[in-house]
Participant: 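This structure is in structure tokens; I'll ask about it shortly.
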Amino acid sequence: MSYRFTNAQLLEIEYKIPKYNKYIFFEKRNKYALLIPVINEGERFISQMNKMKEGNIFNICDVFICDGGSKDNSSNPDFIKEYGCCGLIINVSGKRGQGVQLKQGFYKTMINGYDGAIMVDGNDKDNVHESLPLFLEKLEEGYDVVQATRFTLGGKEENTPFLRNIGIRLIASPLISLSSHFHYDDVCNGYKGFSRNYILDKRMDWFRDEFNTYEYCYYPLVHVKKLGYKACQVPTTRVYPKNEVPSKIKGFSSNFKLLNAIFSLAISKTRPDQTRPDQTRPDQTRPEIICNDYIYIFIIIQNIKNYKLCCKLQHSFFVL
């Protein structure tokens, strides 16, 4: 039994995709596409594009800018074309969020027949100009999920905000790892690659309506091994500017919403053939919600072994 969407079936679900305007500057030239979701990233976006051009990225991968309605050059077709991007996709729907922009990008690349798609932020935190070939190599080797990590395998990080560091290492990565049966070190890193087969698996329901924010950062990680696909990690360098956090996730409210989303996605299920008579949402089952409390306790115990991080926590406690 084939779980994969055909091109004809893909066209049938176009109604699920929020409305967008597209500018295609040239036809498909490479096997894989790079999606960069942006909104008013300013000079950071220009800096990243310059590095990518110097690193020959536009020649080895077709780049699509997925804009959320920016007022700067991120939505300027002439500016985007000049760098060598394949296309510019501008969200014009009433829905807002990174997930909306990525959904539009994933759909467009699948319709155009790409063998896979890689996503990365457009705020110049990642060394795309150096590390993208690693993603292409792993996708060519047959991996279906490729996750970047700044913490292991030779990856590097600079100026990561302390609380964000704690959240990634002690909560988010262990939780997603436990629920997915695959060890991830850096799940909050938005630098990820996916194969065409995985994106088009009907059991994933990749283009569902409620994927509007950061669902593509976590949901695919949870189910890759469960559905029989292959996952791996590759090193990257992720650098935050000093005394600045170039991220849309800021403040207690935003971080709490993100944490809640991570918990929900960690216990989610794939959609088709999961429905029960007493449920309209098969990804929310009572036993899993109850079990979640026990999982959380286990995560904290498991990560006490992270000596360096514990030393930082201990130091902060006594300073306070």
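In what follows, every heavy atom counts, from backbone to side chain, and hydrogens, waters and symmetry copies are set aside.
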Participant: Inspect the contact between R238 and D124 and indicate whether a charged nitrogen and a carboxylate oxygen are less than 4.0 angstrom apart.
Facilitator: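 Salt bridge: no.
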Participant: Around atom NZ of K95, are there more than 12 heavy atoms from other residues, nucleotides or ligands closer than 6.0 Å?
Facilitator: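 Yes, the 6.0 Å shell around NZ holds more than 12 heavy atoms from other groups.
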Participant: Measure across A33 and T109 and return the closest heavy-atom pair with its distance rounded to 0.1 Å.
Facilitator: CB-CG2, 3.5 Å
Participant: Would I168 and V146 show up in the same hydrophobic cluster when neighbours are defined by side-chain heavy atoms closer than 4.5 Å?
Facilitator: no
Participant: Would you confirm whether Y229, through its side chain, and S195, through its main-chain N or O, come within 3.5 Å as a donor-acceptor pair?
Facilitator: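 No, the answer is negative, given that no donor and acceptor are paired below the 3.5 Å cut-off.
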Participant: Is it true that, when you exclude K19 itself, more than 12 heavy atoms of the residues, nucleotides or ligands shown sit nearer than 6.0 Å to its NZ?
Facilitator: no
Participant: Could you tell me whether K51 and E54 have a side-chain N and a carboxylate O separated by less than 4.0 Å?
Facilitator: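 No.
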Participant: Validate the cation-pi geometry between K53 and Y83: distance from NZ or CZ to the six-membered ring centre under 6.0 Å, angle to the ring axis within 45°.
Facilitator: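 Yes - K53 lies over the ring of Y83, closer than 6.0 Å to its centre and within 45° of its axis.
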Participant: Spell out, as yes or no, whether a donor-acceptor pair under 3.5 Å connects the side chain of K192 to the backbone of V187.
Facilitator: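 Indeed, once roles are kept as given, a pair shorter than 3.5 Å links the two residues.
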Participant: I need the minimum non-hydrogen distance between E41 and S74, along with the two atoms involved.
Facilitator: N-OG, 4.3 Å
Participant: Please find the pair of heavy atoms, one from Q147 and one from D186, that lie closest to each other, and give the distance.
Facilitator: NE2-O, 3.2 Å
Participant: Do the non-hydrogen side-chain atoms of M110 and I199 ever get within less than 4.5 Å of each other?
Facilitator: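 Yes, at least one pair of side-chain atoms sits under 4.5 Å.
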Participant: Output, in order, the C-alpha distance, side-chain angles, deciding distance and verdict of ring-ring contact (aromatic ring centres under 6.0 Å, His included) for Y191 and F135.
Facilitator: CA-CA 10 Å; Y191 196 0; F135 281 82; 4.2 Å; yes
Participant: How close do A231 and Y184 get, counting heavy atoms only, and between which atoms?
Facilitator: CB-OH, 4.1 Å
Participant: Whether the D126 and S131 side chains hold a donor-acceptor pair (N or O, under 3.5 Å, no angle test) is what I'd like checked.
Facilitator: no
Participant: Is the cationic atom of R29 (NZ for Lys, CZ for Arg) positioned less than 6.0 Å from the six-membered ring centroid of F26 and within 45 degrees of its normal?
Facilitator: yes
Participant: Can you tell me how far the OH atom of Y20 sits from the CG atom of N91, to the nearest 0.5 Å?
Facilitator: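 That separation rounds to 11.0 Å.
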Participant: Run the ring-centre check on W206 versus Y216 and record whether the distance is less than 6.0 Å.
Facilitator: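 Yes, they do, as the ring centres are separated by less than 6.0 Å.
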Participant: Answer yes or no for K230 and Y143: cation-pi contact, defined as NZ/CZ to six-membered ring centre under 6.0 Å and angle to ring axis within 45°.
Facilitator: yes
Participant: Is L153 reachable from V120 through a run of I, L, V, M, F, W or Y residues, each pair having side-chain heavy atoms under 4.5 Å apart?
Facilitator: no
Participant: To the nearest 0.5 Å, how far apart are SG in C217 and CG in D121?
Facilitator: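 Between atom SG of C217 and atom CG of D121 there are 7.0 Å.
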Participant: Ion pair present between K31 and E140, side-chain N to carboxylate O less than 4.0 angstrom?
Facilitator: yes
Participant: Do we see a donor-acceptor contact under 3.5 Å between the side chains of D185 and H183?
Facilitator: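 The criterion, which ignores hydrogens and geometry beyond distance, is satisfied for H183 and D185.
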Participant: Hey, could you give me the CG/CD1 distance between N123 and I36, rounded to the nearest 0.5 Å?
Facilitator: 10.5 Å
Participant: Going only through I, L, V, M, F, W and Y residues with side-chain contacts under 4.5 Å, is there a path from F25 to I65?
Facilitator: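 F25 and I65: one cluster.
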Participant: Using the ring of Y219 (Phe, Tyr or Trp, six-membered ring only), decide whether R208 places NZ or CZ under 6.0 Å from its centre and within 45 degrees of its axis.
Facilitator: yes
Participant: Establish whether L102 and I111 are linked, either directly or via other cluster members, by ILVMFWY side-chain heavy-atom contacts under 4.5 Å.
Facilitator: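 Looking at the clustering, I111 is in the same group as L102.
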Participant: Evaluate the criterion side-chain hydrogen bond (donor to acceptor under 3.5 Å, both in side chains) for residue pair T213 and E215; output intermediate values, then yes/no.
Facilitator: CA-CA 6 Å; T213 55; E215 291 84 1; 3.1 Å; yes
Participant: For K81, I'd like to know if atom NZ has over 12 heavy atoms of other residues, nucleotides or ligands within 6.0 Å.
Facilitator: no
Participant: Validate the cation-pi geometry between R196 and Y114: distance from NZ or CZ to the six-membered ring centre under 6.0 Å, angle to the ring axis within 45°.
Facilitator: no
Participant: Any idea which heavy atoms bring V224 and L221 closest together, and the distance?
Facilitator: CG1-O, 3.5 Å
Participant: Please give me the minimum heavy-atom distance between C61 and Y32, naming the atom from each residue.
Facilitator: SG-O, 3.3 Å
Participant: Could you measure the distance from the CG atom of N73 to the CD1 atom of I80? Nearest 0.5 Å is fine.
Facilitator: 7.5 Å
Participant: Would you say NZ of K22 has more than 12 non-hydrogen atoms from neighbouring residues, nucleotides or ligands within 6.0 angstrom?
Facilitator: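 Incorrect, the count does not exceed 12.
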Participant: Applying a strict under-4.5 Å side-chain criterion to I, L, V, M, F, W and Y, I'd like to know whether V128 and I46 cluster together.
Facilitator: yes
Participant: Does any pair with a residue in residues 65-77 pass salt bridge (Lys or Arg N to Asp or Glu O under 4.0 Å), and if so which ones, sequence neighbours excluded?
Facilitator: none
Participant: Could you go through the salt bridge (Lys or Arg N to Asp or Glu O under 4.0 Å) check for D209 and K103 one step at a time?
Facilitator: CA-CA 10 Å; D209 293 338; K103 187 186 302 182; 5.3 Å; no
Participant: Can you tell me how far the OG atom of S70 sits from the CG atom of N76, to the nearest 0.5 Å?
Facilitator: 11.0 Å
Participant: Output the distance between atom CD1 (I17) and atom CZ (F207), rounded to the nearest 0.5 Å.
Facilitator: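 Nearest 0.5 Å value for the CD1-CZ distance: 5.5 Å.
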Participant: Counting only heavy atoms not in E27, do more than 12 sit closer than 6.0 Å to its CD atom?
Facilitator: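 Atom CD in E27 is not packed in, count stays at 12 or less.
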Participant: Return yes when atom OH of Y23 has more than 12 non-hydrogen atoms of other residues, nucleotides or ligands closer than 6.0 Å, and no otherwise.
Facilitator: no
Participant: Report, as yes or no, whether the 6.0 Å neighbourhood of atom CD on E137 holds more than 12 heavy atoms from other residues, nucleotides or ligands.
Facilitator: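 More than 12 heavy atoms, drawn from other residues, nucleotides or ligands, come within 6.0 Å of this atom.
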